[in-house]
There are 4 protein chains.
Amino acid sequence: MTTAKATKPSSKQKLFDAALRLIGERGAAGVTVDQIAATAGVAKGTVYYNFGSKDGLVEALLRHGVDLLAEQLRRAEAVPDTESSVETLVDGALLFFGEYPEFAQLLVSEMWRTPGQFHGTLSLLRDDIVAIVKRVLQRHADAGRLCGVEVGTASAALFGTLLVVALDWQTFQRQRTREEVRESVMLLVRGMGRGQGKR
Amino acid sequence: MTTAKATKPSSKQKLFDAALRLIGERGAAGVTVDQIAATAGVAKGTVYYNFGSKDGLVEALLRHGVDLLAEQLRRAEAVPDTESSVETLVDGALLFFGEYPEFAQLLVSEMWRTPGQFHGTLSLLRDDIVAIVKRVLQRHADAGRLCGVEVGTASAALFGTLLVVALDWQTFQRQRTREEVRESVMLLVRGMGRGQGKR
Amino acid sequence: MTTAKATKPSSKQKLFDAALRLIGERGAAGVTVDQIAATAGVAKGTVYYNFGSKDGLVEALLRHGVDLLAEQLRRAEAVPDTESSVETLVDGALLFFGEYPEFAQLLVSEMWRTPGQFHGTLSLLRDDIVAIVKRVLQRHADAGRLCGVEVGTASAALFGTLLVVALDWQTFQRQRTREEVRESVMLLVRGMGRGQGKR
Amino acid sequence: MTTAKATKPSSKQKLFDAALRLIGERGAAGVTVDQIAATAGVAKGTVYYNFGSKDGLVEALLRHGVDLLAEQLRRAEAVPDTESSVETLVDGALLFFGEYPEFAQLLVSEMWRTPGQFHGTLSLLRDDIVAIVKRVLQRHADAGRLCGVEVGTASAALFGTLLVVALDWQTFQRQRTREEVRESVMLLVRGMGRGQGKR
DNA sequence: GATGAATGAGGATTCATTCAT
DNA sequence: AATGAATGAATCCTCATTCAT
């Protein structure tokens with residue numbers, strides 16, 4: 001979401017930054033192209049020159065953001081120890097959402113909108129992410145640590161929970177450290193692994 | 001969200017029902033007042049006569065929905081057994097979100113919008129809900145069942161997770177029964193109560 | 001414009017008072033029937049019950065106001081002395097506009113609107129007033145005091161000038177007394193009577 | 001109010017011309033933005049692009065018109081002979097109002113609306129105009145030609161009278177020449193200068 | 001590669017009027 | 001004689017998009 005180097009940011013990059021902030025705050029439908037262009041410091045026409053349309057910008061933004069998130073999460077797959085790998089996954093997600101809270105806002109407000117205009121794009125992207133989570137949790141399951149819950153279900157739930165926990169952290173409880181938040185989530189994950197006695 | 005009796009529903013009630021459905025599906029910004037009025041079977045002016053503005057309608061809707069949810073959740077407070085009371089709480093939330101999935105969508109897409117137009121209203125409403133959850137979980141904590149997590153934090157996390165789980169249930173896994181979903185969540189709750197050291 | 005006695009004012013009267021104030025301040029088009037009814041302390045339907053329409057109310061108001069003004073001005077006709085009669089006329093107009101400045105505002109903003117909705121009514125009413133002025137000025141002219149100006153022209157000009165002078169008095173220079181203002185106008189009137197040498 | 005050269009008039013200019021005509025005829029509240037845009041031959045959005053709102057257009061129009069009027073009146077200040085300078089002032093006002101009778105209608109219907117939306121703007125503009133009139137009349141007063149009237153009062157009255165006389169001329173007596181009308185007004189001005197005792 | 005004036009379909013809002021009570 | 005909930009045509013305003021420069 002930011003340029004890697006200190007080179008003068010391109011129009012595309014400036015628009016990404018501006019759009020991410022504004023759309024995260026007010027929702028895709030609540031932001032005008034004028035506002036995005038003004039915040040980015042470019043002319044309105046530049047949006048159309050670079051992205052073709054407002055929706056084009058939003059979709060590019062979603063794709064770009066999910067790419068970054070996936071990249072971050074994939075690091076967990078490389079961790080050999082099963083428990084540590086889940087922890088790395090959780091930590092990576094929190095790291096990403098902590099750096100780009102607007103992206104979490106964008107995701108959460110579009111993710112469950114049944115016929116939303118970005119639903120198609122989002123479904124694919126969500127599947128990418130959940131697949132990564134699933135691969136990590138599968139090892140957890142193979143180690144017998146996921147009794148009674150189907151891996152796919154658990155992965156989807158974990159991703160959703162990560163999203164809202166990160167948002168709550170950024171919105172209502174900024175004073176907490178990432179380590180604390182990560183431990184809360186791990187508590188839940190470990191709960192899923194407990195032998196489930198009735199009551 | 002529906003009239004209690006079989007009396008002819010008032011304009012306000014008809015508008016609530018219509019707005020809840022449409023706004024839940026497409027988001028507040030994605031629905032026009034014309035559409036809401038048409039769906040409710042009243043004239044557009046009636047929206048303004050009764051709610052003053054589109055935003056007024058949305059705010060009234062949020063308040064009304066949260067009232068219903070709170071009413072549902074408060075029943076858990078009356079349950080004497082601690083474990084059962086949490087179960088009643090979880091079940092009540094799922095019952096409510098299962099009946100009004102559109103409301104869950106509305107909540108999730110507006111709840112974490114930092115300077116959003118409904119953020120003020122929603123913050124208050126969220127506090128109401130979290131307070132109820134907190135009172136129930138407090139008893140859990142008093143019983144020594146909530147080791148290592150602060151009650152407020154746990155309550156917020158539980159509410160967020162309930163929201164997301166309910167949405168995932170309604171959006172991607174409708175075939176599951178409420179009992180199954182409730183058990184998954186209880187697994188997490190029990191996990192929070194598992195005694196365990198650092199890491 | 002007010003009830004003669006201390007009896008409880010009728011709905012009609014309350015509506016007259018409210019309408020006069022609001023329309024004088026904001027213009028006929030700038031005031032809603034709701035506002036008039038609310039200010040009058042009656043229900044909106046009462047306007048339609050009593051006057052048939054908003055325009056009906058405005059026209060009734062114009063007619064009523066002009067009647068009062070005409071009544072006031074006609075007193076000047078009864079004054080025997082020519083000079084005094086003009087003075088009485090001027091004083092009467094200022095007295096009336098001083099008491100009902102809103103009516104002056106209403107008149108001035110509708111009087112010269114070529115195809116205005118009240119232009120028909122206003123033309124007739126204006127003719128009534130100008131006719132009275134004319135009868136008074138005619139005596140002035142007969143006495144040789146109006147050299148070089150046609151009586152009709154002078155009457156129209158005098159009425160218009162009275163209107164704007166009264167408005168300026170009420171709007172920008174309330175500290176002046178009616179006597180002062182009257183004297184300024186009389187100065188002009190006497191000017192019209194001066195033998196007109198070139199330069 | 002019209003372009004100085006034969007260059008293609010800008011959107012702003014076309015809107016000024018159209019708005020002046022329509023608003024003068026029917027009042028600011030009686031004209032729709034659609035009508036103004038259609039008359040100007042531009043799209044409705046162009047009004048909002050250039051003036052922000054309907055009120056913005058009206059205010060710009062008032063300012064622009066008053067500028068033109070002030071420019072016209074200031075020429076009288078340059079005339080050395082006192083009597084001639086007043087005559088030039090009167091003639092300039094009549095020339096302007098004769099060319100833009102709609103502007104006179106706009107002024108007269110908004111000028112004395114106490115809390116009107118344009119009252120702030122108009123007060124300032126009125127002061128500009130009256131100040132010019134005052135400077136011209138001051139010389140008249142210095143020459144002992146303004147006995148018994150305060151210059152400020154006389155200036156305000158003269159401006160108001162000019163307005164009304166011009167409107168009456170344009171509305172009810174178009175056959176009269178500007179010279180005739182100017183002479184009638186000068187008669188009044190000379191009247192103000194006539195030495196005379198009380199009553 | 002970028003601009004920004006202009007557009008016009010679409011959406012929020014107002015308000016005079018109606019009518020059942 | 002009076003009311004006020006409901007209406008919908010009319011209006012103001014927004015904003016994604018286009019295009020000439």
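In the text below, chain A, chain B and the rest are named by the order of the sequence lines, each starting its count at 1.
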Inset, instruction - Between dG4(E), dA16(E), dA12(E), spot the one nearest the side chain of A43(A), thanks. - result: dG4(E)
Inset, instruction - Classify the nucleic acid contact of V31(D) as base, sugar-phosphate or nothing, counting any heavy atom under 4.0 Å across all strands shown. - result: sugar-phosphate
Inset, instruction - Please confirm whether K12(C) makes a cation-pi placement over F51(C), using NZ or CZ under 6.0 Å from the six-membered ring centre and within 45° of the ring normal. - result: yes
Legend entry - Among dT13(E), dC13(F), dA2(E), the nucleotide that comes nearest once only the side chain of S53(B) is considered: dT13(E)
Legend entry - Under 4.0 angstrom between T46(B) side-chain N/O and dT7(F) OP1 or OP2: yes
Inset, instruction - Taking only the side-chain nitrogens and oxygens of N50(A), find out if one of them lies under 4.0 Å from OP1 or OP2 of dG1(E). - result: no
Legend entry - Presence of donor-acceptor pair under 3.5 Å, side chain of K44(A) and base of dT3(E): no
Inset, instruction - Please name the pair of heavy atoms, one in L57(A) and one in A19(A), separated by the smallest distance, quoted to 0.1 Å. - result: CD2-CB, 4.0 Å
Legend entry - d(CD1, I36(A); C1', dT3(E)) in whole Å: 17 Å
Inset, instruction - Calculate the interatomic distance between F51(A) atom CZ and dT17(F) atom C1'; express it in whole Å. - result: 16 Å
Inset, instruction - Could you please name the option among dT13(E), dG4(F), dT17(F) that lies closest to any side-chain atom of Y48(B)? - result: dT13(E)
Inset, instruction - Mind calculating the distance between OH (Y49(A)) and C1' (dA20(F)) to the nearest angstrom? - result: 16 Å
Inset, instruction - State, with a plain yes or no, whether a side-chain heavy atom of I23(D) is found less than 4.5 Å away from one of E102(D). - result: no
Inset, instruction - Grab the NZ-P distance between K54(C) and dA16(E) for me, whole Å please. - result: 4 Å
Inset, instruction - Select base, sugar-phosphate, or nothing to describe what V42(D) touches, counting heavy atoms under 4.0 Å on all strands. - result: sugar-phosphate
Inset, instruction - Counting Watson-Crick and G-U wobble pairs only, both distances under 3.5 Å, name the nucleotide matched with dA12(E), or none. - result: dT11(F)
Legend entry - For M111(C) against L122(C), the heavy-atom pair lying closest together: N-CD1, 4.0 Å
Inset, instruction - Map G41(A) and D34(C) onto DNA chain E by nearest heavy atom, then report which one ends up closer to the 5' terminus. - result: G41(A)
Legend entry - Residue closer to the 5' end of DNA chain F, G45(B) versus G45(A) (nearest nucleotide): G45(B)
Inset, instruction - Indicate whether OP1 or OP2 belonging to dA6(E) is found under 4.0 Å from a side-chain N or O atom of S11(D). - result: yes
Legend entry - Side chains of V47(B) and K54(B) in contact at under 4.5 Å (non-hydrogen atoms): no
Inset, instruction - Tell me the partner of dC19(F), counting only Watson-Crick (N1-N3 plus N6-O4 or O6-N4) or G-U wobble (N1-O2 and O6-N3) with both under 3.5 Å; none if nothing fits. - result: dG4(E)
Inset, instruction - Starting at atom CZ of R26(C), determine the distance to atom C1' of dT14(E), rounded to an integer number of angstrom. - result: 14 Å
Legend entry - Along DNA chain E (nearest heavy atom to each residue), the more 5'-positioned of K12(D) and Q35(C): K12(D)
